[in-house]
Amino acid sequence: MHFTSEQRLDDGVLEREFTLGEIPGTLWTPEAAAPTPLILMAHNNGLPRREPRLVARARLTAAYGYAVATIDAAGCGDRPRSADDERARADLHRAMRAGEPVDEIFESFIGPLVENAVPEWRTTLDALLSLPGIGGPVGYSGWTALGIRLAVAEPRIAAAGFFAGGYVPRAQREEARQVTLPLLLLLQWDDEGNPRQRALDLFDAFGTKEKTLHANLGGHTGTPWFELDDTNGFFGRHLK
């Protein structure tokens, strides 16, 4: 892992950009004397790591006393897109403008994105846990489809907070039954692009005995900021 820049933010959090092979990422760490728990944070459907809402969540979470890390998935953010990526995105935008069904396009795009991202996140986790000042346990926050796959594949993840606002491929909907760690699912009740019942069915499918659903009125980007306090309280119960 090679750090390419760093800056100390006004709240005392240290923000560092890094590369790990071809993987670009960002790490936020609080001012803390003891090794801190780590939270992996991903934005729905592989949006870039510099997306302002993700950065704001990461900074506030780090201020609560966690190390927080995110990376760009292949074809997202600073990483080049393949011809297949560009074609899938163009098909998706065309279908959305025309009001056509988009599930099969999402399936062909998001499914491979999840499968390709998981090994990179696990490699990043290896590198992060080798850094001084970062210890376990490990949490995950954000993109549900990726989080389900990681929760099944990665035993070091102890708790997860999922956002119900992104498309979850059929493979991950089936894998949800294998998720047994404590989890919190955030649902926007009026999310125009993600049917409410699908999110409720997914919550029901999770195999864990410790799961909590928080639902709020509003559209896709309307999650209230007080949910960040509740989410950090959830992680505090399981990571500290």
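Between Leu239 and Ile39 the shortest heavy-atom distance is CD1-CG1, 3.9 Å. Here the shortest heavy-atom pairing between Ala117 and Leu146 reads CB-CD1, 4.0 Å. Contact record, His238 with Pro137: O-CG, 4.0 Å, taken as the closest heavy-atom pair. Smallest separation of non-hydrogen atoms from Ala56 and Trp225: CB-CH2, 3.8 Å. When all heavy atoms of Ala145 and Gln172 are compared, the pair lying nearest together is O-CG, 3.3 Å. Smallest separation of non-hydrogen atoms from Ala164 and Thr144: N-OG1, 4.0 Å.
Residues that satisfy the salt bridge (Lys or Arg N to Asp or Glu O under 4.0 Å) test with Glu227, not counting sequence neighbours, are absent from this structure. Not a single salt bridge (Lys or Arg N to Asp or Glu O under 4.0 Å) links Arg57 to another residue, sequence neighbours left out.
Val138 has its side chain within reach of Leu40: a pair of non-hydrogen atoms, C-beta onward, lies under 4.5 Å apart. Residues Tyr66 and Phe235 form a side-chain contact, since some pair of their non-hydrogen atoms from C-beta on lies under 4.5 Å apart. At a threshold of 4.5 Å between non-hydrogen side-chain atoms, the residues Leu185 and Phe163 do not count as touching. Looking at heavy atoms from C-beta onward, Thr70 lies in side-chain contact with Trp121 at the 4.5 angstrom threshold. Contact of the Leu27 side chain with the Val68 side chain is not registered, since no non-hydrogen atoms from C-beta on lie closer than 4.5 Å. A heavy-atom distance below 4.5 Å is not found between the side chains of Ile71 and Arg49. Thr124 places a side-chain heavy atom less than 4.5 Å from the side chain of Ile23.
Interatomic distance, CG of Asn216 versus CG of Leu186, reported as 7.5 Å (0.5 Å rounding). Arg170 contributes atom CZ, which lies 13.0 Å from atom CD1 of Ile110 (distance to the nearest 0.5 angstrom). Taking CD from Gln178 and OG1 from Thr208, the interatomic distance works out to 13.5 Å, rounded to the nearest 0.5 Å. Put simply, CG on Leu125 and CG on Leu150 are 8.5 Å apart, with the number rounded to the nearest 0.5 Å. Rounding to the nearest 0.5 Å gives a distance of 7.5 Å between CG of Leu129 and CD1 of Ile134.
Residue pairs satisfying the salt bridge (charged side-chain N to carboxylate O under 4.0 Å, His left out) criterion with at least one member in residues 198-218, sequence neighbours excluded, are listed as follows: Asp103-Arg198. For residues 106-120, the set of pairs meeting the side chain to side chain donor-acceptor pair (under 3.5 Å) definition, not counting sequence neighbours, comprises Arg79-Glu120, Glu107-Tyr167. Residue pairs satisfying the salt bridge (charged side-chain N to carboxylate O under 4.0 Å, His left out) criterion with at least one member in residues 133-159, sequence neighbours excluded, are listed as follows: Arg122-Glu154, Asp126-Arg156, Arg149-Glu175, Glu154-Arg156. The stretch residues 3-15 participates, sequence neighbours left out, in these side chain to side chain donor-acceptor pair (under 3.5 Å) pairs: Gln7-Glu15, Glu15-Trp28.
Formation of a donor-acceptor pair under 3.5 Å by the Thr36 side chain with backbone atoms of Gly65 is not found in this model.
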Quiz item: Between Tyr140 and Leu183, does a side chain to side chain contact (heavy atoms under 4.5 Å, CB included) hold up when you go through it step by step?
Solution: CA-CA 9 Å; Tyr140 172 88; Leu183 69 86; over 6 Å; no
Practice problem: Decide side chain to side chain contact (heavy atoms under 4.5 Å, CB included) for Leu187 and His214; before the verdict, give the C-alpha distance in whole Å, the side-chain angles of both, and the deciding distance to 0.1 Å. | Solution: CA-CA 6 Å; Leu187 169 62; His214 284 192; over 6 Å; no
Quiz prompt | CA sep, side-chain torsions, deciding dist, call: Thr26, Glu17, side chain to side chain contact (heavy atoms under 4.5 Å, CB included) | solution = CA-CA 4 Å; Thr26 309; Glu17 300 285 330; 3.2 Å; yes
Quiz item: Checking ring pair (Phe, Tyr, Trp, His ring centres under 6.0 Å) for the pair Phe162/Phe206: CA distance, chi angles, key distance, verdict?
Solution: CA-CA 12 Å; Phe162 294 155; Phe206 285 121; 5.7 Å; yes
Practice problem: Show your reasoning for whether side chain to side chain contact (heavy atoms under 4.5 Å, CB included) applies to Val13 and Thr29. | Solution: CA-CA 6 Å; Val13 170; Thr29 49; 6.0 Å; no
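Under the 4.5 Å side-chain heavy-atom criterion for grouping Ile, Leu, Val, Met, Phe, Trp and Tyr, Leu213 is connected to Leu217 within one hydrophobic cluster. At a threshold of 4.5 Å between side-chain heavy atoms, the hydrophobic network of Ile, Leu, Val, Met, Phe, Trp and Tyr places Leu9 and Leu60 in two separate groups. Leu20 is connected to Leu131 through a chain of hydrophobic side-chain contacts under 4.5 Å among Ile, Leu, Val, Met, Phe, Trp and Tyr, so both are in one cluster. Cluster annotation: Leu14 and Met1 are assigned to distinct hydrophobic clusters (Ile/Leu/Val/Met/Phe/Trp/Tyr, side-chain heavy-atom contacts under 4.5 Å, transitive). Leu200 and Ile148 fall within a single hydrophobic cluster, where Ile, Leu, Val, Met, Phe, Trp and Tyr are joined by side-chain heavy atoms under 4.5 Å apart, directly or via other members.
Using a 4.0 Å cut-off between charged side-chain N and carboxylate O, Asp72 and Arg50 make no salt bridge.
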